[in-house]
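Below is one structure; the comments refer to it alone.
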Amino acid sequence: QVQLVESGGGLVQAGGSLRLSCTASGRSFATAAMGWFRQAPGKERQFVAGISWSGGSTRYADSVKGRFTISRDNAKNTMYLQMNSLKPEDTAIYYCAHCRSALVGTTPIEYEYWGQGTQVTVSS
């Protein structure tokens with residue numbers, strides 16, 4: 001069992017930055033890929049970024065490439081999402097997730113455990 005807790009969300013103006021954190025407890029954090037997803041009202045949950053167990057491989061949605069950076073610190077059981085140049089369309093609840101394998105997945109079904117989510121709101 002893995003428990004995930006996100007933090008760092010909030011309200012920011014367009015062009016601003018936020019840094020999300022996801023702290024994990026329980027087994028296997030350091031051996032599994034991790035990911036960030038987001039869900040806006042009335043929309044499906046969408047892949048944002050993922051990182052392999054070692055941090056050596058990352059993947060991003062096209063909509064956030066060049067603006068968001070995912071990283072992890074296995075010694076602290078923590079994953080991060082640095083979000084720069086935020087846009088109103090980035091507004092959503094952001095979820096961290098623990099992948100079923102060591103390889104980065106991009107669909108929700110590939111992830112086994114989820115955090116409760118943190119709200120990110122970008123005003124224009």
Side-chain angles (χ1 to χ4, degrees):
Q1 192 79 2
V2 176
Q3 292 79 42
L4 303 172
V5 178
E6 303 98 335
S7 61
L11 174 64
V12 64
Q13 289 188 334
S17 298
L18 283 174
R19 188 194 196 202
L20 305 183
S21 298
C22 172
T23 301
S25 59
R27 64 172 179 85
S28 77
F29 174 83
T31 60
M34 297 287 294
W36 288 98
F37 287 75
R38 66 188 181 187
Q39 189 165 17
K43 295 189 176 181
E44 292 186 352
R45 194 164 294 191
Q46 174 190 38
F47 173 77
V48 176
I51 188 166
S52 63
W53 70 273
S54 67
S57 176
T58 57
R59 298 181 71 174
Y60 295 92
D62 288 343
S63 59
V64 307
K65 279 181 183 176
R67 300 188 298 123
F68 291 9
T69 302
I70 189 171
S71 61
R72 67 190 295 167
D73 184 339
N74 287 344
K76 296 182 178 179
N77 276 13
T78 302
M79 175 179 66
Y80 306 96
L81 185 68
Q82 178 66 43
M83 305 186 294
N84 298 329
S85 302
L86 282 161
K87 304 175 181 180
E89 51 264 44
D90 294 318
T91 295
I93 299 175
Y94 283 70
Y95 299 90
C96 72
H98 181 280
C99 197
R100 299 177 188 273
S101 76
L103 301 177
V104 178
T106 60
T107 60
I109 194 65
E110 297 175 89
Y111 290 78
E112 185 173 12
Y113 301 105
W114 295 81
Q116 82 289 349
T118 186
Q119 177 71 47
V120 171
T121 303
V122 184
S123 63
S124 57

If hydrophobic clusters are built from ILVMFWY residues whose side chains come within less than 4.5 Å, do [X] and [Y] share one?
X     : Y      : result
Leu20 : Trp114 : no
Val48 : Val12  : yes
Phe47 : Tyr113 : no

Search all heavy atoms of [X] against all heavy atoms of [Y] and return the closest pair with its distance.
X     : Y      : result
Ala49 : Tyr60  : CB-CD2, 3.6 Å
Arg45 : Pro108 : O-CG, 4.3 Å
Ala92 : Gln39  : CB-O, 3.5 Å
Cys99 : Gly105 : SG-N, 4.0 Å
Pro88 : Ser124 : CG-CB, 3.8 Å

Checking the side chain of Thr121 only, and the main-chain atoms of Thr91 only, is there a donor and an acceptor separated by less than 3.5 Å?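 Pair absent, no side-chain N/O of Thr121 close to backbone of Thr91.
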When you measure from the side chain of Asn74 to the backbone N and O of Trp53, does any donor-acceptor pair fall under 3.5 Å?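 Yes: the side chain of Asn74 pairs with the backbone of Trp53.
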Between Phe68 and Leu18, does a side-chain contact (heavy atoms from CB on, under 4.5 Å) hold up when you go through it step by step? CA-CA 10 Å; Phe68 291 9; Leu18 283 174; over 6 Å; no
At what distance, to the nearest 0.5 angstrom, does [atom1] of [X] lie from [atom2] of [Y]?
X     : Y     : atom1 : atom2 : answer
Ile70 : Met34 : CD1   : CE    : 8.0 Å
Met79 : Trp36 : CE    : CH2   : 5.0 Å
Leu81 : Tyr94 : CG    : OH    : 7.5 Å
Glu6  : Ile93 : CD    : CD1   : 10.0 Å
Gln3  : Asn77 : CD    : CG    : 11.0 Å
His98 : Leu4  : NE2   : CG    : 7.0 Å

Decide side-chain contact (heavy atoms from CB on, under 4.5 Å) for Glu110 and Ser101; before the verdict, give the C-alpha distance in whole Å, the side-chain angles of both, and the deciding distance to 0.1 Å. CA-CA 8 Å; Glu110 297 175 89; Ser101 76; over 6 Å; no
Please work out whether the ring planes of Phe37 and Tyr111 are parallel, tilted or perpendicular, with thresholds of 30° and 60°.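 Because their plane-to-plane angle is over 60°, the rings of Phe37 and Tyr111 count as perpendicular.
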Restricting to pairs with a member in residues 49-64, which pass salt bridge (charged side-chain N to carboxylate O under 4.0 Å, His left out), not counting sequence neighbours? Asp62-Lys65
side-chain contact (heavy atoms from CB on, under 4.5 Å) between Arg38 and Asp90: does it pass, once the steps are laid out? CA-CA 9 Å; Arg38 66 188 181 187; Asp90 294 318; 2.9 Å; yes
Give the C-alpha distance, both sets of side-chain angles, the deciding distance and a yes or no for side-chain contact (heavy atoms from CB on, under 4.5 Å) between Thr69 and Tyr80. CA-CA 8 Å; Thr69 302; Tyr80 306 96; over 6 Å; no
